[in-house]
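Written below as structure tokens is the structure these notes are about.
All values below were derived from every heavy atom in this structure, side-chain atoms included, with hydrogens, water molecules and symmetry-related copies excluded. Convention: sequence-line order gives letters A, B, ...; per-chain numbering from 1.
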Amino acid sequence: MKRISAAASWNAVPDVPAARRDVMSRLIATFIFRWRYPLSALCVLGALASIPSANITKIDNDITAWFSRSDPVYQDYERFRAEFGGTRNLIVALQASSPEALFSEATLAYIERVTGDIERIDTVQRVESLATATVVDAVPDGLDVRRLIELSENGGPDAVRRRAVEDELIRGDLVSEDATVTALIVSFDEDRIDAVRGGVIQQIHETVDPGLPPGIQAFYNGSLEISETYNRITLDNQQKFTPPILFFTVAAIYFTFRSFRKTLLALFAVAISVLWTLGLYSLLGFSYNVLSSMILPLIVVLAIADDVHIMQHWDEERRHGDVEQAFTNTVAHLTAPLLGASATTALGMLSLATSDVVAVRSFGIGSAVGIMVDFVISLVLMPTLLSLVRPETGETPHERYLLPPLQRVARWSTRHPGRVLTASIAFGVLLSLGIFRLHVDTNHINFFSRNHPLGQSAAVIDSKLAGVYSYQLMLEGPPESLKRPEMLARMNQLQEELRRAPHVRKVTSVADYVKRIHRELNDGRSEANVIPSDAGTIAQELFVFTLGGDGRHELERLVASDFSRAQITVKLQAMSSDLVLEEVEAADRRARAIFAGTGVSVLTTGSGRLFSTLDHYLVMSQLSSFATAFVTVFGVIFLVFRSFRFGLLTIVPNVLPVVAVLGVMGYLDISMNIATVMVASVALGVVDDDTIHFINRYRREVAAGASTDEAIETATAHEGRASLTTAIINSCGYGVLLMSEYKPTAWFGGLLALTMAVAFLAEVLILPATIKLLPGWLGAEALRKRRGAAAAATVVLCLFVPGVVSAQSVGRPSGNVSLTLDYEPNRNDTVELRGRLFAEEKIEVTPSLRATASGFVEGLLASRPGPDLGTGEVRNTAITDAVIRAHDAFVELTAGRLDVRAGLARVIWGRLDEVQPTDVVNPLDVSRFFFEGRSEARLPVALIRASVFLSDAASVEAVYVPIFRRGRFDLLDEPTSPFTPRNPGEGLAVCLAIGCPTLPPEIVDDKPSAGAASAQGGVRFSATSGRVDWSVSAYRGLEAFAIYQVARSAAGAPVTIEGKHPRFTMIGADVETVRGEWGVRGEVAAFVDDNFQTPALTIAEGSSVEAGAGVDRKAGSYRISGTVLFHHERAEGGSQAAGRIDESRRSDLSLVLSADRRFARERYGVRVFGVANTTEGSGFVRAIGSAELGDNLGLEASIGWFAGEGRDLVGRFADSDFAYLRVKYYF
Amino acid sequence: MTFSCLARLVCSVGALAAASLLPVQAQAPRLAAEAVARRAQDRDTGHDSRFTMRMKLADRHNRLRERVLDVITLRGRGARGAPAAAPDGDRLLIRFNYPNDIKGTSFLVWEHPDAEDERFLFLPSLGRVRRIAGSEAQDSFVGSDFTYEDIGGREFEDYAYGFAGADGESASWTPPGGAARPAWRLESKHKDGAAQFPRVVSLVLKDSFLVVGADIFNRRNERQKVYTVRRIEQVENIWTVMDSEITNALEKTRTELTVERADYNVGLNEADFSRRELERGAGRPGGTP
């Protein structure tokens, strides 16, 4: 009878995962206890080191902190800005009690003076005001374009007023119809303003406010003022509310635990978590902004929740155990639920990493990292701190006052589950009705009260002037096209249509100027206020207009000097961002329709589009994150508890609080906006915490033999108490925010408190009631019976299955989880966090037939450099990527002397270490080659391999690879990877090849198509002669990494660079033997058909030889090895297509040396490895340190340094120096 | 011919296991020390054997790490009762199943009576069978208190044998909770004085020629390692050490070895010890050889 392995049968018992989890939790607890002081010291030192980078008041105002530079909306804006300048402005509205007060000599002089003063402020580009506005008048010899304010010289202020109100180009923009309000519109150099925004705006305030004439009031608005106000309020709120939040939090912790010590310890632990989070946030290369300031409350809320659970459990354990027992029991008990709760929230936050908004991505990644760090710190630091203080084993207030009522609640819930669930559902339905009143709307002005300066200024500007918001349409056509009559007529038509839109206050374009000029040149007759039908007339009139400097400058703001581009400005009143976006999109559609077929393209942009799109992105990404987090909750619970049933059980108690919050928002008319969607995400983090803790406790109690009611009562009384305590503490703290004048802050505080309250109720009422109503599914007896049944089934399987399939055996899936933090200093301080889960399953169907399947999920969070499209500078951006891939997936058949392997697999040829010239079957992943070695770097390919063992000393192997797979520089976001060599389309090579193109070349990887064209294969004969193992091999394959050549392109089209994978033929041999203490290995590969990249971007054909010989031995405590590698290549000619012939020969010699040593019974190891190419002058040195932290847990740190540049393998990775730290757990 | 003293891992559980067919010492003629060593070496341990063992490694802080390994052995032609088709020397294949980071790592030894042994290593991370030099015999075997030499074996002729102390021929061994059993205290002295462990004093049971204890001395003649057997059992009539421990007094480390399963004469042949099988076996579920 075939033995079924103990592991396999053990694994089949459903309760075993819990047992295994317990074992794992216990191991973790023991580990932490043993290392508690060093680990705690690490926590504290890390926090101290983070202090310098934890300055959240240093806010990054750059628009690229929000918009990705590759975002099309941002790129459109940049394109517009390059032609007409930026549209993010500051509006200063001056309101007078009467027209006379505004248009007095003193006020006009004030306006003229202030305009000049503001224009002199650094970064200010232009000020539009009554002092700079121009008017056009016909004079006998043409047109008189002069400044409006000059009219006062002859006609006094009244003349200025009359003309300003009459002139439709001035009215609305610069003066109200009733002549009581005027505006100064300040535009800035947008490349510089964000860095100094706060100071410049303050300077403008200081310029305007002090000298205001009597009866004149100044109001400030505009996109820059709004953004700056956000920053100001965020910082003000932090300063204003942090002390009361801290006070109430401290008070609440003290009153629930009645212990100064615990209060201080909790605060200390929370502070450490916060500092770590902020430090890592900076380390990841993220900048602080208004959104990232939300990380602080998020971490505080979750850290307090974790610490409350730990303190409460510690007290219980410490009563009947010593420090070690209390420590290990507390940590063992809480590891799984805290991990589950943290991982759920972190994954939810991590889903924000896919957002289009840079700030959201930073927030998502930063908070996810923070949450997991907080989990570790809570688990390590809090118990350690508790172990240092005198035990307080007396009854605490939360026990005295909360325990009995909660026990009563539990009993009541279990006695009346039907009523509880009915009432809950009714409550849920009632609240859910409010959701129908909920609307998605972000109105920045409405975030402030009417009395707030921003609200007041918006009211003035919207009611008296042309409005706070604006957007632009940029028209682009051939030179001179946009002054043609038909184009101006279409512009005029578009303007008329846009003016009819409900929220549009004013529309301006060059067409208005043409009409005005034409009217003035026709004696000011109103019927002449049209676009002339004759192109010559228009050209001449515009020429006359631009003769004066003022006219030319005014026109340049609306149309390019060659009339190939023109803009139409649309001004809107303050309103919801969603409405702005709708207006913008409708205008875009209309403009495209009007200009269709004319050769003129339309681009809709401006600050209105920029910020409305940003708001849209924010809300959508948050909603998406929230949805992801919601699904993740069940996934994580399933993983943590390995239970589908308990995953389902979490739905109701998690749904209800969210429904309640959304419903209440609907009833209170709180919109779903950029502020409130954040509440939902934070809320879910809190809600699922409660659920996970409850379920964990319930299952533990059941496993310990408790009945359903007993288990529910214990879970409710203990975990519910912690939830209630957490809710009280956080509600007290964040309830203070309700007093904020900034509505989003107030909503955040109120809704958070509401969520916690409902989450607590759901935990202590709905969970118990649901369990009671489904006794056959979730009850204690059912759980135990299932275990018994499963165990029985396993026994039956053990007895019968071997008889049925006598030779079957199925292994337990194995694999590993690793987390690698790496840093590449020469690639703009690239920082990467790589997580990988690898799993493998092997099945022996019969002794001669086996199947292997493995796969992995790998994720990347990185801060990698990317080119700034605007400036060409290289800046780091957050990169995220994830792949899920099958690894090996093959079957193996053994029949006598024949072995056949078919599927996705790897085949290893060659005998040298790491650098194996004949190892050509599988392509490599370069990043993994450096991080994990050649074996891990091989990418499996679809293949069939047949090996015939002629004897034990001789075998023949044939490999057929029908489908080509290319090598990768990095499986994760390859284009930005630090291991990807520079783009072949950049730099000198292109210039040499095609003469410095003006358009960026297009790079195409021309992979061979499936079929005979991409088939590869080879044979290898291996034998042993005496003590010498040797092989000869031949392989006809395709270059795994592309070689580039310039393709012919049509005139005017971007140059195309093709990445080709030409064929090569390799004939190789390798040998290995042992002589005394020495291992001797050698390998030679002759590539009789080979291909090379030439500097002129062509492919040169030729041949090459790579040969290596190495020795290794033990020397004292060290293992040393040395290999000499020789490479020679001969390129016979370039691509005929490129019209170039290149010939070259190149040889180089490399030396590879390594030494390694293991210490402490192989617990620790050190390895140093170096490659030096004596010919190319390139080299690579690497040091690796490893530590076995446990039987299945390893830590590895490595530094790799590349020296010199060259055409050899190492030289191509110049500047790819790296350092990494990896922790790997095997299961 | 290799000498299977304590030094040999397989010895410690298999080859060191008793030759149960030997006559009881009380009725046997008086033996010279070398003859005792030879009998211990040549005792019947089956034509082949298969063990599953759990190795616990304790460091100086008593922190434990575990290794689970499968060992298969095949006796060479020189062994008593070996068939003619048997290989020239003993064969040994060790495969690690736990912890998972070294799972699949396999070590194959071909002993040759008249030549240097051949050793091969299969590391899953390497992906191929690698011929290794004998120098690795001096390394610690996966961090344990055993060395690769302990596993691969030492040459019988490299040692000189004698009885140690006054009670060399009248010693006894008492298992935990059991009765005392007569034993020899056998001293093996390496002919090369520069050897790392030039002297071993072993306790060999007279009724079974099973080694149940040993003191291993270093070049300074300090007792550096102590091998202690805690439990022996008869498996298929072959005495087998089921539970043993080796401690390193200088380094204050300890390795416990427990046999979880032992089978003899299971029908293994030379093909099970081929390089093909070394690589192929790593592909088996659980890596069980």
Fill in: Most contacts with chain A, counted as non-hydrogen pairs under 4.5 angstrom, among E251(B), E66(B), E270(B)
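Answer, by heavy-atom pair count under 4.5 Å with chain A: E66(B).
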
Worksheet item: Is the closest side-chain heavy-atom distance between R128(B) and E1072(A) below 4.5 Å?
Response: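 R128(B) reaches E1072(A) side chain to side chain.
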
Worksheet entry | R911(A) and R131(B), any side-chain heavy atoms less than 4.5 Å apart |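 With C-beta onward as the side chain, the pair stays apart.
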
Residues, nucleotides or ligands: over 12 heavy atoms within 6.0 Å of [X] [atom1]:
{"X": "W1030(A)", "atom1": "CH2", "value": "yes"}
{"X": "K252(B)", "atom1": "NZ", "value": "no"}
{"X": "R223(B)", "atom1": "CZ", "value": "no"}

Worksheet item: Which atoms form the tightest heavy-atom contact between P124(B) and S935(A), and what is the distance?
Response: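 Heavy-atom minimum between the residues: O-OG, 3.9 Å.
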
Worksheet item: What closest approach, in Å, do D1112(A) and R130(B) show between heavy atoms, and which atom pair accounts for it?
Response: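 Residues D1112(A) and R130(B), closest heavy atoms: OD2-NH2, 3.4 Å.
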
To the closest 0.5 Å, what do you measure between [atom1] ([X]) and [atom2] ([Y])?
{"X": "D1029(A)", "Y": "E118(B)", "atom1": "CG", "atom2": "CD", "answer": "8.0 Å"}
{"X": "E277(B)", "Y": "T894(A)", "atom1": "CD", "atom2": "OG1", "answer": "8.0 Å"}
{"X": "Y1225(A)", "Y": "N100(B)", "atom1": "OH", "atom2": "CG", "answer": "7.5 Å"}

Fill in: E1188(A), part contacting chain B, at a heavy-atom distance under 4.5 Å
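Answer is side chain: those atoms of E1188(A) sit under 4.5 Å from chain B.
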
Worksheet item: Where on R1027(A) is there a heavy atom nearer than 4.5 Å to chain B: the side chain, the backbone, both, or neither?
Response: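 Both backbone and side chain of R1027(A) come within 4.5 Å of chain B.
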
Discussion item. Testing the 3.5 Å rule here: is there a donor-acceptor pair between the side chains of T1024(A) and R275(B)?
Written reply: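 Checked: T1024(A)/R275(B) side chains pair up, N/O donor to acceptor below 3.5 Å.
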
Worksheet entry | Residue V129(B) versus chain A: region with a heavy atom under 4.5 Å |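 Just the backbone, heavy atoms under 4.5 Å.
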
